[in-house]
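Report on one structure; see the data block that follows.
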Amino acid sequence: MARGHQKFQSQQKNAKKQAEIKKSKGHDQKAAAKAALVYTCTVCRTQMPDPKTFKQHFESKHPKSPIPPELANVEV
């Protein structure tokens with residue numbers, strides 16, 4: 001096991017390595033976008049981020065289908 005100065009050098013080297021890994025990883029935009037899609041169309045399984053968009057989609061793409069109860073109160 002390292003002691004003293006060698007231990008300090010090892011900790012600094014590891015911290016630098018971890019910072020480089022974190023920096024290279026970056027921000028995952030696909031995962032963030034997928035997490036934002038919370039409403040799923042019951043007819044075509046398309047995902048939408050908010051109820052307003054969901055209602056617009058439902059009215060334009062599925063006009064003959066009955067509107068789901070979660071969209072009954074939503075104003076466009």
Side-chain angles (χ1 to χ4, degrees):
M1 188 167 178
R3 294 187 182 149
H5 187 65
Q6 185 181 10
K7 180 179 179 182
F8 181 70
Q9 286 176 334
S10 177
Q11 287 174 343
Q12 283 186 327
K13 183 180 176 184
N14 187 33
K16 184 178 177 183
K17 183 179 174 184
Q18 293 298 325
E20 287 177 8
I21 290 172
K22 186 176 180 183
K23 186 177 179 182
S24 68
K25 200 174 196 181
H27 180 70
D28 189 7
Q29 292 181 345
K30 283 188 177 181
K34 190 170 185 172
L37 300 175
V38 292
Y39 295 96
T40 304
C41 178
T42 55
V43 178
C44 63
R45 302 287 184 216
T46 304
Q47 295 180 325
M48 273 121 327
D50 55 66
K52 184 178 177 182
T53 308
F54 184 18
K55 187 166 185 175
Q56 289 175 344
H57 161 81
F58 208 87
E59 290 173 346
S60 66
K61 301 292 182 181
H62 317 293
K64 294 182 182 178
S65 300
I67 295 178
E70 62 265 15
L71 295 179
N73 303 359
V74 177
E75 292 183 25
V76 178

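A quick note: this is a predicted structure, and the numbers were derived from the prediction, not measured.
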Quiz: residues 42-50 side-chain donor-acceptor pairs under 3.5 angstrom, not counting sequence neighbours:
| from | atom 1 | to | atom 2 | distance (Å) |
| --- | --- | --- | --- | --- |
| Asp50 | OD1 | Lys52 | N | 3.2 |
| Asp50 | OD1 | Thr53 | N | 2.8 |
| Asp50 | OD1 | Thr53 | OG1 | 2.7 |
| Asp50 | OD2 | Thr53 | OG1 | 3.3 |

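Atom CD in Glu70 sits 8.5 Å away from atom CZ in Phe58 (nearest 0.5 Å).
Side chain of Ser60 to main chain of Gln56: a donor-acceptor pair is present (N/O by atom type, distance under 3.5 Å, no hydrogens or angles).
When the shell of 6.0 Å around CG of Asn73 is examined, it contains 12 or fewer heavy atoms from other residues, nucleotides or ligands.
Residue pairs that meet the ring-ring contact (aromatic ring centres under 6.0 Å, His included) test with at least one member in residues 30-57, sequence neighbours left out, are His57-His62.
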